[in-house]
Amino acid sequence: MIKRGLNTGVLALAKLCGWIIRKARVGKVLIVEVCGNNSKPYVLALKEDRDRELYAVAEPLDIGSAICFEGELASEQRSKRGIEYVATRIEVYAKPIEHLPVDIAGKVPALLETRIKYRWLLARNPVEKAIFKIRTGVLKAAREYLEKNGFVEVQTPKIVAAGAEGGATLFKVQYFEREAYLSQSPQLYKQMLISSFERVYEITPYFRAEKFNTTRHLNESWGIDIEQGFINGVEDVMQTAENLVSYIVDFVRINYKDELEILGVNLPKLTPPFRRLKFTEAVDILRSEGIEVSEVEDLSDAAEKKLGEIMAEKKHDLYFIVGFPWTSTAFYYMREEDKVYTRKFDFDYKGLEIASGGQREHRYDKLVEALREKGLNPADFEFYLEAFKYGMPPHGGFGLGVERLIMKMLNLENIREAIMFVRDRTRITP
RNA sequence: GCCGCCGUAGUAUAGCCCGGUUGAGUAUGCGGGCCUGUCGAGCCCGUGACCCGGGUUCAAAUCCCGGCGGCGGCGCCA
């Protein structure tokens, strides 16, 4: 029986497909490495005298050829790089019409620019492929965790009306005779759904029209957004955040051993609860280190990074900063009685904010008041406000940046490495 | 929006500061040869490049100006 080989690569008899990434001829032996869906390459060792026919087929094939082979796992595994098969048949599906523009074998480094341009091709390289296989695992783990914990997956619109709440700049789109925008966050919609679902989540793109050019921003990025109702306080939401991230990291640690090894990443097991740092505490810590920090504004990236270093020394890779001042947050966060601080938190991983969220204001009157205080017109938020009229329970949630999480998990230097097709300040192709 | 750095073969780089000895060096790739299954195999031969435009000069990859492109920092970034 011929079976399509899956990720395991351990089927006794299989048809395996992929692309030739390396070819070496040593004496009378031709060694062909083929990359498929598997992270480790398939390796065929063909001897000129023993495997005359297959040798003749494989010998002239260029790097990049698309082939399938039928065969079984070799009893003798001599390759240090891949899994060896004894082939009984090789079929050639396509040959490259030009030499590959980048080195798939990874011998010659490519600049980030080149890597981004040819990522879809470079993913034939086990190192590049590993990042994307892990990305798949991150989303799979997130769904698994959230489903197990009673969250319902939802989809909210990505074409939205004016984002009168300010914040990140919006991309304009022409929507028939009106102007619309690409959604920068499902925030308002997922909150509205807490009037009928106890817990929801969405895995969604964020579109942000900021002209940033940094190692940690994208103009199109992905988030795991959750909202949960009937909470007793912001603590419930932080627990979801830390348990979710720990579950994801553990899932990757256990199920993606090969990929982590290929990437040279050692992922330690996470053990929540993580440290909760009050915003005022964070300010004190930074000031005691001589960093200038405002008491009424969000922390700057530099301050956030520095705090990451200080926390790392105390063995805290992940930690929360809770209780941001109302002056630095959006209108929908619940304020404490003092009206100065809010129940907004940031969730930082090695000095980078990977998620932010908090408890929301669910009381209609207070929400309208908050809008006014932020200088916004409640009439612009009518569709949203209406959801708070018919029994909106206390709720909270957060948005977790997928690329930022992957970047920190895998120690990537640039967020662009964590996404296949990059949308940044200058790129809209490929 | 402001600021800094960079742009040499398919890819990655040396040379640029201090212009001429560079008909631009190296690695990898590619073509060819050798080689007892390589592990970034090795050895030999060959192949291919100065982002664009203008200027200075006897002479420009190298200095100057402009453009285009890339990377990063600040600002900004629910």
Side-chain angles (χ1 to χ4, degrees), chain A residues 21-33 40-41 43-51 60 62-64 74 76-82 84 96 98-118 121-122 125-127 163-170 183-188 190-191 206-219 221 223 225 297-302 304-305 324 326 328-333 342 344-346 352-353 355-358 360 370 374 376 397-399 401 404 413-414 416 422 424-427:
Chain A
I21 53 172
R22 279 175 96 232
K23 241 177 65 185
R25 208 186 86 218
V26 184
K28 303 234 181 306
V29 183
L30 180 70
I31 294 156
V32 181
E33 285 185 17
K40 286 199 172 176
V43 179
L44 300 178
L46 303 168
K47 294 188 181 169
E48 196 171 359
D49 41 9
R50 188 192 64 190
D51 314 295
D62 290 328
I63 302 286
E76 193 184 8
Q77 293 289 329
R78 289 167 73 173
S79 170
K80 290 174 190 163
R81 302 164 48 91
E84 285 197 44
E98 279 179 36
H99 294 133
L100 307 194
V102 280
D103 172 29
I104 299 297
K107 278 186 249 179
V108 183
L111 292 170
L112 184 62
E113 181 187 350
T114 313
R115 282 177 67 198
I116 291 170
K117 185 174 176 191
Y118 290 109
L121 183 60
L122 273 171
N125 178 312
V127 178
E165 53 171 317
T169 317
L170 297 152
S183 164
Q184 52 173 270
S185 158
Q187 180 64 30
L188 304 183
K190 65 180 185 174
Q191 274 192 268
Y206 298 152
F207 302 98
R208 297 184 176 175
E210 296 293 335
K211 293 179 178 176
F212 21 55
N213 186 7
T214 77
T215 54
R216 58 197 177 279
H217 289 97
L218 291 167
N219 293 291
S221 65
D225 251 279
E297 287 167 32
D298 201 349
L299 300 177
S300 67
D301 280 345
E304 211 172 35
K305 198 175 166 194
F324 282 84
W326 165 247
S328 75
T329 69
F331 73 88
Y332 48 75
Y333 284 108
T342 65
K344 184 211 163 179
F345 66 80
D346 274 359
L352 182 68
E353 176 189 329
S356 72
R360 326 296 188 186
K374 286 286 184 189
L376 298 166
F398 57 85
R404 285 188 171 193
E413 282 179 11
N414 194 308
R416 286 165 245 233
V422 173
D424 64 12
R425 181 71 184 86
T426 53
R427 263 173 268 262

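So you know, we letter chains A, B, ... as the sequences are listed, proteins then strands, and number each from 1. Everything numeric here is computed off the predicted structure, so don't read it as measured data.
- The side chain of A/T426 places an N or O atom within less than 4.0 Å of a non-bridging phosphate oxygen (OP1 or OP2) of B/G70.
- Using a 30° and 60° split on the angle between ring planes, A/H217 and A/F212 fall in the parallel class, below 30°.
- Within 4.0 Å of A/R425, counting heavy atoms only, lies no atom of the nucleic acid at all.
- Atoms CG and CZ, from A/L352 and A/R404 in turn, are 4.5 Å apart once rounded to the nearest 0.5 Å.
- Taking side-chain N and O atoms only, A/T114 has no distance below 4.0 Å to OP1 or OP2 of B/G10.
- Judged by Watson-Crick or G-U wobble contacts below 3.5 Å, the nucleotide B/G29 has B/U47 as its partner.
- The residue A/E413 sits apart from the nucleic acid: no heavy atom pair falls under 4.0 Å.
- Nearest-nucleotide assignment on RNA chain B puts the 5′-proximal partner with A/L112, out of A/L112 and A/F212.
- With the nearest nucleotide of RNA chain B identified for both A/L111 and A/D62, A/L111 has the one nearer the 5' end.
- Residue A/R216 is in sugar-phosphate contact alone, with no base atom involved, counting any heavy-atom pair closer than 4.0 Å across all strands shown.
- To the nearest 0.5 Å, atom OG1 of residue A/T426 and atom CD of residue A/E113 are 8.5 Å apart.
- Shown here, B/C18 forms no base pair; nothing in the strands shown gives a Watson-Crick or G-U wobble contact with both key distances under 3.5 Å.
- Using a 4.0 Å heavy-atom criterion, one finds that A/A110 contacts the sugar-phosphate atoms exclusively.
- The distance from atom CZ of A/R78 to atom P of B/U36 is 14 Å, rounded to the nearest whole Å.
- Spacing between atom CD1 of A/I63 and atom C1' of B/G29 amounts to 10 Å, rounded to whole angstrom units.
- Residue contacts shown for A/L30 are absent, as no nucleic acid heavy atom lies under 4.0 Å away.
- Pairing partner, B/A60: none, since no Watson-Crick or wobble contact has both distances short of 3.5 Å.
- A/I104 has its CD1 atom 15 Å from the C1' atom of B/A12, to the nearest Å.
- OP1 or OP2 of B/G29 sits under 4.0 Å from a side-chain N or O of A/K107.
- Shown here, B/C5 forms a base pair with B/G70; the pair counts as Watson-Crick or G-U wobble because both key distances fall under 3.5 Å.
- Rounded to whole Å, the distance from CD on A/E210 to P on B/C74 is 14 Å.
- Between the base of B/A78 and the side chain of A/S185 there is a donor-acceptor pair shorter than 3.5 Å.
- Looking at A/D103, its side chain has no donor and acceptor atom pair within 3.5 Å of the base of B/G29.
- Across all strands, A/D301 comes closer than 4.0 Å to base atoms (heavy-atom distances).
- Between A/R404 and B/C77 there is no side-chain polar atom (N or O) within less than 4.0 angstrom of OP1 or OP2.
- Under the Watson-Crick or G-U wobble criterion, with both distances below 3.5 Å, B/U38 has no partner in any strand shown.
- The distance from atom CD of A/Q184 to atom CD of A/E210, rounded to the nearest 0.5 Å, is 8.5 Å.
- Residue A/K28 is in sugar-phosphate contact alone, with no base atom involved, counting any heavy-atom pair closer than 4.0 Å across all strands shown.
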